[in-house]
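Each remark here refers to the structure printed beneath this line.
Excluded from the calculations below are hydrogen atoms, water molecules and symmetry mates; all remaining heavy atoms, backbone and side chain alike, are included.
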Amino acid sequence: MSNLLITNGLVIGARGQEIQDILIRDELIVTISPQINPPENCRIIDANAKWIFPGVIDPHTHMGIPIKSGYSADTFASGSPSALHGGVTTILDFSVLESGQTLRESLNTRIKLAGESLCDVGIHVNITRFEPEILAEIPDLIRSGYNSFKVFTTYAEADMMLTYDQIEAVATIIGQHNGILMVHSEDNDVIRRASESFAGGTQTHPRYHGLSRPAEAELVAINRLGEISSRTNCTIYIVHLNTAAGLAKATEYPLLKVETCPHYLLLSEKMYERPDGQMFVSSPPLRSIADSEALWLGLQNGQIHTIGSDHCPFCLGDKPAGTPYQDIPNGMGGVETLFPTLLAQFMERHLNLELLVRLTSSNPAAIFGLDHFKGSLKAGFHADLMIVDPWSISTNWESTLHTSLDWNAYTNFSAVFPETVIRRGEVVIDKAIMNSPSKGLLLKAGS
Ligand code: URP
Ligand code: ZN
Ligand code: ZN
């Protein structure tokens, strides 16, 4: 049995902040109150003048996913230590449905790979084929704790797209069994029409990636998905929302949940004009500064519910300049910088830190059925937390990263990295030094 007492930290929760002591025994929080006497054989961490946040739950990562030309650059083994360094104690990743596989088989394959994760890890189930046998698997998967499914309204060329009618059929079943449907929401027809004007996608400038996937694509898709959510009574989670128009449309539908990502909040389409602009190619594309300011407003007025990294990184050599824009691997890294850059932004913009906790911990826990043991600092919950020195805000953090990647998008941004990170009671980052953490736990909704 191990005891750990954290004293005098300002504990920032979803609905308030207070100076508290936290007593942790093994994996769980035992007590949290203004003054706790240490039991015998107890390590004590003095958090005086520090801030304590719940561990981040990143609802959207892609560790080692297959793409046309290989795999995204982080595996669970390489991506999860960098996640921990950024205060992310739980990641939710996605299965990959290979041809001929059942959903259960695709899930089992992914679970095996996720066994390398040092973060706790949950898996959303990707549905990229529409077949009666696939639909028939959904109720049983939900019963066994895999209650979140993802579909795509685009990527037809990669054979991953479902039509809106097919999505409605999937949503009907998921809604009947109280699951949640996640949707990559860019209308394929809008993209096809916009791309036609670029004579087959031979342009190499990355700005064409943005021009070929206009904001209208998100608006059209969200309109259709909002209607589907109302007709099927299924909660639909819009992943990586990125436009002002899409956000305004999403607010019309009560069953839509909205996620955005750090790159849509912190970066803009201007990045495509840099000499390394191809590194910023992800789908959906980066947008205008006006779009990102609308997203910042959406965070503040509760229209956006979560922030996920959509961590799908590539190294410099994976995205050589001069590649035709349609062949540039899509995706960017961000799991390690997610919370540190956002915390710095929240401080600089004088935004409420409880809101940051809701967006990065308690809301993803509630939406994905983990909120009876994760997402808040409460007695009986997993001891997932980070201790932050607010005075350590700096732009000079790049050399401290644990990433295996040779590039990151947020150079020169302010960031506040945690000095201590605790995942299920284990001190995985101790005074900024990474220990050798044990493997993460496989998570299921509701258990
Ligand atoms: O460009 C991105 N975001 N790649 C990862 C897969 C996805 O669409 O989320
Ligand atoms: Zn996507
Ligand atoms: Zn994604």
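With hydrogens and angles disregarded, a donor-acceptor distance shorter than 3.5 Å links the side chain of His402 to the backbone of Thr400. When atom types are taken as modelled, the side chain of Asp165 and the backbone of Thr163 share no donor-acceptor pair closer than 3.5 angstrom. Here the side chain of Glu137 pairs no donor or acceptor atom with the backbone of Thr102 at under 3.5 angstrom. Between the side chain of Ser72 and the main chain of Ile65, a donor-acceptor pair closer than 3.5 Å is present. Of the possible polar contacts, none joining the Tyr253 side chain to the Leu225 backbone as a donor-acceptor pair under 3.5 Å is found. A donor-acceptor pair is defined here as one N or O able to donate and one able to accept, closer than 3.5 Å; such a pair exists between the side chain of Asp318 and the backbone of Cys315. Distance alone, capped at 3.5 Å, places no donor-acceptor pair between the Trp407 side chain and the Phe314 backbone. Thr61 places no side-chain N or O within 3.5 Å of a backbone atom of Met63 that could act as its donor or acceptor partner. A distance-only check finds a donor-acceptor pair linking the side chain of Tyr264 to the backbone of Pro284 [under 3.5 Å]. Remark: side-chain polar atoms of Ser230 are paired, donor with acceptor, to backbone N or O of Gly226 under 3.5 angstrom.
Legend: residues meeting ring pair (Phe, Tyr, Trp, His ring centres under 6.0 Å) with His177, ordered by chain and number and at least two apart, are absent. With sequence neighbours left out, the ring pair (Phe, Tyr, Trp, His ring centres under 6.0 Å) criterion links Tyr155 to Phe152, His184. For Arg192, the salt bridge (charged side-chain N to carboxylate O under 4.0 Å, His left out) partners two or more places apart in sequence, or in a different chain, are Asp189, Glu196. Checked against side chain to side chain donor-acceptor pair (under 3.5 Å), Arg424 has the following partners two or more places apart in sequence or in another chain: Glu27, Asp120. Residues passing the salt bridge (charged side-chain N to carboxylate O under 4.0 Å, His left out) test with Asp430 are Arg43, sequence neighbours excluded. Annotation: salt bridge (charged side-chain N to carboxylate O under 4.0 Å, His left out) contacts of Glu131 (sequence neighbours excluded): Arg129. Under the salt bridge (charged side-chain N to carboxylate O under 4.0 Å, His left out) criterion, Glu168 pairs with Arg231, sequence neighbours left out.
Across Ser288 and Ser268, no two heavy atoms sit closer than the pair C-CB, 4.4 Å. Shown here for Asp291 and Ala244, the closest heavy-atom pair between the two residues is OD1-N, 2.8 Å. Across all non-hydrogen atoms, the minimal contact from Leu256 to Ser229 is CD2-OG, 3.8 Å. Among all heavy-atom pairs drawn from Asn408 and Tyr410, the shortest one is OD1-N, 2.7 Å. Taking both residues in full, the closest heavy atoms of Pro59 and Phe368 are given as CB-CE1, 3.8 Å, listed atom of the first, atom of the second, then distance. Contact detail for Ile123 and Ser95: the closest heavy-atom pair is CG2-N, 3.5 Å.
Annotation: side chain of Trp397 is not in contact with side chain of Ser392 (no heavy-atom distance under 4.5 Å). Side-chain contact check for Phe53 versus Leu343: some heavy-atom pair is nearer than 4.5 Å. Proximity of Leu92 to Ile57: side-chain heavy atoms (C-beta onward) are separated by under 4.5 Å at one or more points.
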Chi angles and distances behind the side chain to side chain contact (heavy atoms under 4.5 Å, CB included) call for Asp159, Thr128: CA-CA 7 Å; Asp159 260 346; Thr128 48; over 6 Å; no
Might you work through the side chain to side chain contact (heavy atoms under 4.5 Å, CB included) test for Ser212 and Gln326, ending with a clear yes or no? CA-CA 9 Å; Ser212 70; Gln326 286 184 334; 5.8 Å; no
Are Ile167 and Leu181 close enough, and set up right, to give a side chain to side chain contact (heavy atoms under 4.5 Å, CB included), and what steps lead you there? CA-CA 9 Å; Ile167 291 173; Leu181 179 61; 3.9 Å; yes
Go through the steps to decide whether Thr109 and Gln101 satisfy the test side-chain hydrogen bond (donor to acceptor under 3.5 Å, both in side chains), and finish with yes or no. CA-CA 10 Å; Thr109 308; Gln101 274 188 326; 3.2 Å; yes
Could you walk me through whether Arg224 and Thr153 satisfy the side-chain hydrogen bond (donor to acceptor under 3.5 Å, both in side chains) test, starting with their C-alpha distance in whole Å, then the side-chain angles of each, then the deciding distance to 0.1 Å, before giving a yes or no? CA-CA 10 Å; Arg224 298 293 296 266; Thr153 60; over 6 Å; no
Would you check, one step at a time, whether the test side chain to side chain contact (heavy atoms under 4.5 Å, CB included) holds for Leu299 with Ile307? CA-CA 9 Å; Leu299 297 178; Ile307 304 176; 4.1 Å; yes
What verdict does the side-chain hydrogen bond (donor to acceptor under 3.5 Å, both in side chains) test give for His124 and Ser148, after you've listed the backbone C-alpha separation in whole Å, the side-chain angles of each residue and the deciding distance to 0.1 Å? CA-CA 5 Å; His124 310 296; Ser148 48; 2.7 Å; yes
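Among residues at least two apart or in separate chains, there is no salt bridge (Lys or Arg N to Asp or Glu O under 4.0 Å) pair with a member in residues 385-400. Within the structure, salt bridge (Lys or Arg N to Asp or Glu O under 4.0 Å) contacts touching residues 50-73 (residues at least two apart or in different chains) are Lys50-Glu419, Lys68-Asp327. Judged as a ring-ring contact (aromatic ring centres under 6.0 Å, His included), the pairs with a partner in residues 202-231 (not counting sequence neighbours) are, in order, Phe198-Tyr208. Residue pairs meeting the salt bridge (Lys or Arg N to Asp or Glu O under 4.0 Å) criterion with at least one member in residues 207-223, sequence neighbours excluded, are Glu186-Arg213, Arg207-Glu273. For the side-chain hydrogen bond (donor to acceptor under 3.5 Å, both in side chains) condition, no pair includes a residue of residues 357-371, sequence neighbours left out.
Taking the six-membered ring for Trp, Tyr237 and His305 have ring centres at least 6.0 Å apart.
Lys150 forms a cation-pi arrangement with Phe94, by the criterion of a distance under 6.0 Å to the ring centre and an angle within 45° of the ring axis.
Checking Asp187 against Tyr164 by side-chain atom types alone, a donor-acceptor pair falls below 3.5 Å. Side-chain contact, Thr75 with Glu116: no donor N or O sits under 3.5 Å from an acceptor N or O. In summary, the side chains of Ser438 and Arg423 do present a donor paired with an acceptor at a separation below 3.5 Å, with no hydrogens or angles considered.
Taking CE of Met386 as the reference point, atom CZ of Phe417 lies at 11.0 Å (rounded to 0.5 Å). Considering CD1 of Ile387 and CD1 of Ile429, their distance stands at 12.0 Å, rounded to 0.5 Å.
Each of Val335, Val88, Asp93 was compared with His311 under the side-chain contact (heavy atoms from CB on, under 4.5 Å) criterion, and only Val335 meets it.
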